[in-house]
Structure formats: C-alpha cells, structure tokens
Trainee: 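This is the structure I want to talk about, given as structure tokens.
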Amino acid sequence: MARFGYHASHEQYAPSTLLSHVQSAERAGFACAMSSEHFKPWSNAQGHAGHAWSWLGAALATTRLPFGIITAPGYRHHPAVLAQSAATLSEMFPERLWLALGSGQRLNEDITGMPWPEKAERTARLSECAAVIRALFNGETVTHRGRVTVVDAKLYSRPAKAPLLLAGAVTTETARKVATWADGLVTVGIEPGKLRPVVDAFREGGGEGKLVFLQTKVCWDTDDGRALSEAHGQWAANMLEGDANWDLRTPEDFETASRFVRPEDVHGCVRVSSDLGRQAAWLADLAEIGFEEIIVHQVGRNQDAFIEAFGGSVLPQLRA
C-alpha cells in the first residue's frame, strides 16, 4: 500500500513556516515528506526559496518522518558536495533520506554563469554525476574528468547504508534512460493515463522491481471558487509545457510566459476540489499504478486547514 506524504514547497513559504508545516503534517498522519530544492521561486507571487539542505537537517531532527529531495547535480551543486550533504544527513538520520537527481532547470542552475546546455547534454551530465555520487556513497576515492571534474574526492563520514539514489523524470524517454543507473523513479503528475507510460518506460528500461514515487498537486479549500483562485494565483506559472519549464531564467520570465493561463486551465495539472471524498478517490486511483510513496502538494496557501482536513478525512479513507 502506498504511503502518503506531505510536500514542503520552499518556493511558497519561509523555511521557519515550512518547518512548522511538516511538524503539523506528521501529527496529522502523513507518513513521509518531500522537499523542493530551488534557488528562485517560479513566480514573485510565491516569493520564497530557502536553502533546502540546511532546512532538511532541522526537519529530520524535529520529526520522525522520512524525507526525499530532488536536485540537479553538476551546476550550482557539485556532485561530490551533494554526495557529502546526503551522506551527512543519512549518517545522522539513518534510512530516512532519499535523494533524487534531475537534469535541472535554468531558473535555478544558471546563477553560476555556466552555459545552459540542451536536454541531451543535460541528461549526459546527469548520468556522469550520478556515477560520481554512487561511487562516493560506496566509499571510493573518485577522480573523474569529463562533463564534470572531480579530483581525489572521498567521503570520510558515511552512513552504514547509503541513501537511495533515485532519478527524476516526467517523460517516457527520460524515464527509460535513467532506469539504467537509478535505484528508483520519482515523477510528477495528476493523470493516471499520463503517468502509467512513464512508469512503464522506467520499468522497461531496467527499472523492473525498483521503487517508483510520485509527487501530485492538489488545491483544496472549503469553497471551490476560492480553491481555484488560489491554485491559479500560486501555480499558473507552472502550467507551461514543452521546454519553457527548463529554459526560462527568472520568475519574471515565467510570469510573462504564463500571463494568458486562465483559472480553468489549472485543472490540467492540479486537482482542484472542496470535496474531500473526491480528493481521496483521485489519490486512490494514483495508488493503483503501484507507487510506493505519493507526496501530496497542496498548492494553496491554507496549509494548516489542508493538513487538518486531509489528516482527519482523506488519509483515513486511503488507509481503509
């Protein structure tokens, strides 16, 4: 049976507020959590972008929840430093962290001034970085000169068991490629019909028997109109398709590109409803795909009310 978790959105909240949210989510019955990892928010309406790795130390220390995080190695995060960050947290909090690697978004990664490559090059860089991180987790001394450079790197403080090294993918092509090196897959979406081909491609590419996780977006409020307004106000900038999500540089670019997104368009990527039974049914449909974890991201601002409502009504229905 899938575990249902809470998504901590650093783009939308100050780190101190987000820490309070995950503590409340644990008390409400959420079984796990996932942290976003941004340097900039998607839009100025969101308005935050705390350092996720610093925050994870506090979140792990003040809850008993297992956490996941998806990040992009090889740009603002050197893979050896990412490996050290994950290993340190896993040594202090054994078997409570999974690390997912993705090919990145220009919004976050080009702050270093590095050229932003095309998708094929980013995928190749990702594979190199994953190999470096895994070797460091295994206790090896790593020297590597390729798309990234590593010289005599070794982790001197390692956990007894390395954290799971997952891959992030939203297309069938990427899911099939990353299956060769990843311990599992994390993807994002709301439609079973679109998610099943991604999961199938991962399994066909070498991921058979490996873990598959999902982050899915909802917007709940006691009033449907208010829920839709909140979803549009907070998440319209994330409605873009194609390469825009990966290639735009600033929150202002996303705001400009999404200026014609209508409130009703949000239904394409967010499950919006005041009906808790309907929300539970949507999540149950996703669980049938076979995800080990389903992380629920409430995109609206009413986090306390959401945590109370889902903890009191939706999670018990799903467990039953």
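Just so you know, these numbers use all the heavy atoms, side chains as well, and skip hydrogens, waters and symmetry mates.
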Trainee: Which of parallel (below 30°), tilted (30 to 60°) and perpendicular (above 60°) describes Y6 and F306?
Mentor: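 It falls in the tilted class, 30° to 60°.
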
Trainee: Flag yes if L18 and I70 sit in one hydrophobic cluster, no otherwise; membership is Ile, Leu, Val, Met, Phe, Trp, Tyr, and two members link when side-chain heavy atoms are under 4.5 Å apart.
Mentor: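 Each belongs to a different hydrophobic cluster.
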
Trainee: Does the side chain of Q298 come under 3.5 Å of the side chain of N302 through a donor N or O and an acceptor N or O?
Mentor: yes

Trainee: Short question: side chain of H51, backbone of P15 - any donor-acceptor pair under 3.5 Å?
Mentor: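 Such a contact is absent between H51 side chain and P15 backbone.
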
Trainee: I need the single residue from R27, E26, H21 that forms a side chain to side chain contact (heavy atoms under 4.5 Å, CB included) with S24. Which is it?
Mentor: R27

Trainee: Transitively linked via ILVMFWY side-chain contacts under 4.5 Å: V178 with V186?
Mentor: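 Different clusters: V178 never reaches V186 through Ile, Leu, Val, Met, Phe, Trp or Tyr contacts under 4.5 Å.
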
Trainee: Would you call the rings of W235 and H297 parallel, tilted or perpendicular if under 30° counts as parallel and over 60° as perpendicular?
Mentor: perpendicular

Trainee: Going by atom types alone, do E252 and N44 pair a side-chain donor with an acceptor below 3.5 Å?
Mentor: yes

Trainee: Count the heavy atoms belonging to other residues, nucleotides or ligands that lie under 6.0 Å from CZ of R249, then report whether that count exceeds 12.
Mentor: no

Trainee: Going from NE2 on H48 to CD on Q12, what distance comes out if it is rounded to the nearest 0.5 angstrom?
Mentor: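 These two atoms lie 9.5 Å from each other.
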
Trainee: Backbone N or O of S85 within a donor-acceptor pair of the T88 side chain at under 3.5 Å?
Mentor: no

Trainee: At what distance, to the nearest 0.5 angstrom, does SG of C219 lie from NE2 of H232?
Mentor: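 It is 12.0 Å, given to the nearest 0.5 Å.
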
Trainee: When you look at CZ of R319, are more than 12 heavy atoms from neighbouring residues, nucleotides or ligands closer to it than 6.0 Å?
Mentor: yes

Trainee: How about CD on E308, more than 12 heavy atoms from neighbouring residues, nucleotides or ligands closer than 6.0 Å, or not?
Mentor: no

Trainee: Going by an N to O cut-off under 4.0 Å, is there a salt bridge joining R196 and E191?
Mentor: no

Trainee: Find the distance between CD (Q234) and OG (S43) and round it off to the nearest 0.5 Å.
Mentor: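 Answer for the CD-OG pair, Q234 versus S43, is 6.5 Å.
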
Trainee: A quick test of your reading: do over 12 heavy atoms of other residues, nucleotides or ligands sit less than 6.0 Å from NZ of K161?
Mentor: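 It does not: K161 NZ has 12 such atoms or fewer within range.
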
